[in-house]
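Positions are given from 1, in the same order as the sequence printed here. For clarity, every value in this text was computed on a predicted model and none was experimentally measured.
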Amino acid sequence: MSSYVEGATGPWEVVIGLEVHAQVISNSKLFSGAATAFGAEANSQVSLVDAGLPGMLPVINEMAVEQAVRSGLGLNAKINNYSVFDRKNYFYADLPQGYQISQYLQPIVGEGVVSVDLADGSSRDIGVERLHLEQDAGKSLHDRHPTKTYVDLNRSGVALMEIVSKPDMRSAEEAGAYVRKIRAILRYLGTCDGNMEEGSMRADVNVSVRRPGADLGTRAEIKNVNSIRFIQQAINYETTRQIDILEEGGSIDQETRLFDAQTGTTRPMRSKEEAHDYRYFPDPDLLPLEFSHEFVDRIRGSLPELPDAKKQRYMDELGLSAHDASVLVSERDTALFYEQIAEGRDVKVAANWVQGEFFAQLSKLEREITDSPVSAEQLGALIDLIADNTISGKIAKGVLEIMFESGQDAAAIVEEKGLKQVSDSGAIEDEIVTIIAANPDKVAEFQSGKKKIIGWFVGQVMQATKGKANPQMVNQLLRDKLKP
Ligand code: ADP
Ligand code: MG
C-alpha cells in the first residue's frame, strides 16, 4: 500500500530511513563517572575523560550496556554477545578527544523490527538495521557572545543509543508513527526519557525519491531534527525539492542538510562524507564487549509488558477495539492511568472516558497526562457516580469540565451545584403530565404512529429538569403516559 506522490511527469515513491539518537537513562556517562542531569550549570559535569585530557582511560558503564540490551530486546532485535567499540575520527570544536567512541562493524544490537499503527487502522513493520552505543559530543553555544562561541562539555561522553532503521518508510506519516513507537517502547523500558525538547531524542532523516519499482535513489540526510512535527515537515519539503530537481532533468547530490524550523525548509550543510573518511578503527583503550547468555536472559526476564503485547491483551481480555487499545497503550503513562481507572470498573466505559472527554479536556489545556489536574482516582470517582445513577453521563461531562478548572472532586461539585439525578418518578411524572397537556398535536402524532417523536418529548422533560432527570426513567414513563 505505497502512497505515491504525483509529480508533473508521473508518480514518485518517497523512501525514508531514520537514525534515531536516544540518550540512555543512566546516572553517569558511557565511559566516565560524571553526572548526566539535564540543565546543570555549564561544564559542571565533566570528568577528565570527557574533556579528552591526555592519559585518561575510558571505562565502560555497565548500566549503559544493560540499557542498550534492554532496548534491543524491546525492538525485537538480535543481541550480539560480542561487540566492538571503534574510534570515529573527525574534528569538532565540542569534541575534545578528536574522535567519537562509537560502534561500527560490530554493534551491540543487530536487526530488529518495529510495528507501527497508521491513521487508517492498518499497521506496518519497519525494519531496524542495528542499535549501537556511542558517546555524545559537547554543545557549542553560539548565542552568548557576539563574536565568540562557548563550549559546554556537560553532554560530552553521555551515552547514546543510535537506532538505525532500514529504508522502509514511505511517507511522513509512517516516519512520525515510527518515531512515536520507538519513543514509546524506550519509555516503557525506562531506557530513554524520549524528551525531544531537551534533546534526549533526535533523528537524522534520510530521504530519497524514486520511480515506483526502481532502485533506491540518492538520499539527502537531514541532521539532528528534534521534534516529530519537524521530521515530517523536513520529509515533505525534501520530497518536493527532490522531485522538482529530477523532473527538470537534474540529479540529487548526496549531502547532509540542515532543517530550518523557522521556514520549514532544508538547506545544504556539507557534502556527505563516506564511512572511510572517518578512519574507523577499534579503540585500543577498550576491550571488545562480551557478555553471556545469562546476562541477556536476566534482562529479558525483567522486561515490562510492552505496547504491542499490552494492546493484544486489551483486545483479548478486556474486549476493547483495536483502535481503543492502540490509543490507550500508545504511551506508558496513558496505559498506567487507564489501568488504574479500569480496575474494578466497566473497562469499556473507562476506556471511553479516558480517550474521549478526558483527553479532550487535557488537550484543551495543552497538558500531558503526567501533569493532569484530574487524577485517575478522581476520574474513577466521577465514573462511579454515573454507574450508581447519581448523575447522567451528560451531566458528568460538565462536571469533568469543572473538575479540570477547579481541581475539585466530582462528588463535591455535584453536591454544591445540585446536580443529582432526579430518580423520583413522582417529580418526573409531574413534568410529563404538564408537557403532554400543553402539546396535544405532538401527542396525536405519536399515537398515529410517528414513534420517533418520543425523542422530542424526552428533550422537553430533560430541559424542564435541567438535564437531571434519569433518562431511562423518563423514557419509560413517557411510553406509559403516551399510550392511547
Ligand atoms: P550514515 O552514517 O552514512 O548516515 P547509516 O548506515 O548510519 O549511514 O544510516 C543510513 C540511513 O539512511 C539508514 O537509516 C538507511 O535506512 C537510510 N538510507 C540508506 N539509503 C537510503 C536511500 N536511498 N533513501 C532513503 N534512506 C536511505
Ligand atoms: Mg547518518
Side-chain angles (χ1 to χ4, degrees), residues 3-5 7 12-22 88-95 100 102 126 129-130 134 136-143 149 155 160 162-180 182 196-197 199-211 214-278:
S3 44
Y4 296 143
V5 178
W12 294 91
E13 184 174 36
V14 187
V15 176
I16 303 151
L18 296 177
E19 298 156 73
V20 171
H21 296 263
K88 183 179 183 182
N89 299 279
Y90 60 102
F91 171 80
Y92 223 73
D94 49 30
L95 183 75
Q100 176 188 29
S102 181
I126 308 295
E129 181 69 43
R130 57 191 276 149
E134 63 182 25
D136 206 345
K139 203 166 158 188
S140 298
L141 307 166
H142 306 289
D143 55 0
T149 288
R155 220 172 56 186
L160 295 181
E162 176 167 337
I163 302 165
V164 182
S165 85
K166 304 209 175 205
D168 281 356
M169 285 155 275
R170 295 291 176 268
S171 66
E173 188 206 348
E174 285 182 17
Y178 170 80
V179 176
R180 234 175 260 121
I182 296 262
M196 298 182 85
E197 285 108 81
S200 321
M201 217 175 115
R202 46 196 199 263
D204 297 344
V205 184
N206 296 271
V207 183
S208 66
V209 299
R210 64 175 172 187
R211 291 297 188 189
D215 290 342
L216 285 182
T218 304
R219 68 179 154 128
E221 176 176 359
I222 306 139
K223 277 287 182 198
N224 253 327
V225 190
N226 67 353
S227 88
I228 291 175
R229 191 161 60 88
F230 292 162
I231 290 171
Q232 295 183 318
Q233 277 180 5
I235 292 169
N236 290 330
Y237 179 83
E238 258 319 284
T239 303
T240 312
R241 186 185 73 86
Q242 294 184 16
I243 291 176
D244 285 352
I245 292 174
L246 293 171
E247 294 203 320
E248 280 164 21
S251 61
I252 305 299
D253 295 330
Q254 173 149 333
E255 63 183 0
T256 301
R257 298 177 70 87
L258 270 183
F259 177 70
D260 182 341
Q262 306 283 282
T263 57
T265 62
T266 68
R267 62 186 143 82
M269 182 158 98
R270 55 171 189 255
S271 71
K272 173 76 187 165
E273 59 292 320
E274 301 287 342
H276 62 247
D277 295 328
Y278 290 118

- Message: Tell me whether D136 is salt-bridged to R202, with the criterion being a basic N under 4.0 Å from an acidic carboxylate O.
- Response: yes

- Got S171 and V14 here, is their nearest side-chain heavy-atom distance under 4.5 Å? no

- Query: Can you name the side-chain hydrogen bond (donor to acceptor under 3.5 Å, both in side chains) partners of S165, sequence neighbours left out?
  - Reply: none

- Task: Go through the structure and list residues passing ring pair (Phe, Tyr, Trp, His ring centres under 6.0 Å) with Y90, not counting sequence neighbours.
- Result: Y278

- Item | Side-chain heavy atoms of V20 within contact of E162, under 4.5 Å | no

- Side chains of Q242 and W12: do they bring a donor and an acceptor to under 3.5 Å? no

- Reference residue I252; test side chain to side chain contact (heavy atoms under 4.5 Å, CB included); the match among T218, V207, V209: T218

- Query: Is the closest side-chain donor-acceptor distance between S140 and D94 under 3.5 Å?
  - Reply: yes

- Ion pair check, K223 and D204, cut-off under 4.0 Å: yes

- Item | Test applied, side chain to side chain contact (heavy atoms under 4.5 Å, CB included); reference residue, S208; option that passes from Q254, R219, E221 | R219

- Minimum heavy-atom distance between M169 and G17, given as atom pair plus value: CE-CA, 4.3 Å

- Sequence-distant partners of R210, salt bridge (Lys or Arg N to Asp or Glu O under 4.0 Å), two or more places apart: E13

- List in chain and number order the residues that pass salt bridge (Lys or Arg N to Asp or Glu O under 4.0 Å) with K166, two or more places apart in sequence or in another chain; answer none if no residue qualifies. E111, E129

- Query: For M196, does its backbone N or O pair with a side-chain atom of S200 as donor and acceptor, under 3.5 Å?
  - Reply: no

- Sequence neighbours left out, what passes side-chain hydrogen bond (donor to acceptor under 3.5 Å, both in side chains) with E173? Give chain and number order. none

- Item | Residues E238, R257: salt bridge by 4.0 Å N-O rule | yes

- Message: Side chains of N206 and E19 only: does a donor on one sit below 3.5 Å from an acceptor on the other?
- Response: yes

- Who passes ring pair (Phe, Tyr, Trp, His ring centres under 6.0 Å) against F259, sequence neighbours left out? F230

- Looking only at non-hydrogen atoms, find the nearest pair between A203 and I231 and report the distance. CB-CD1, 3.9 Å

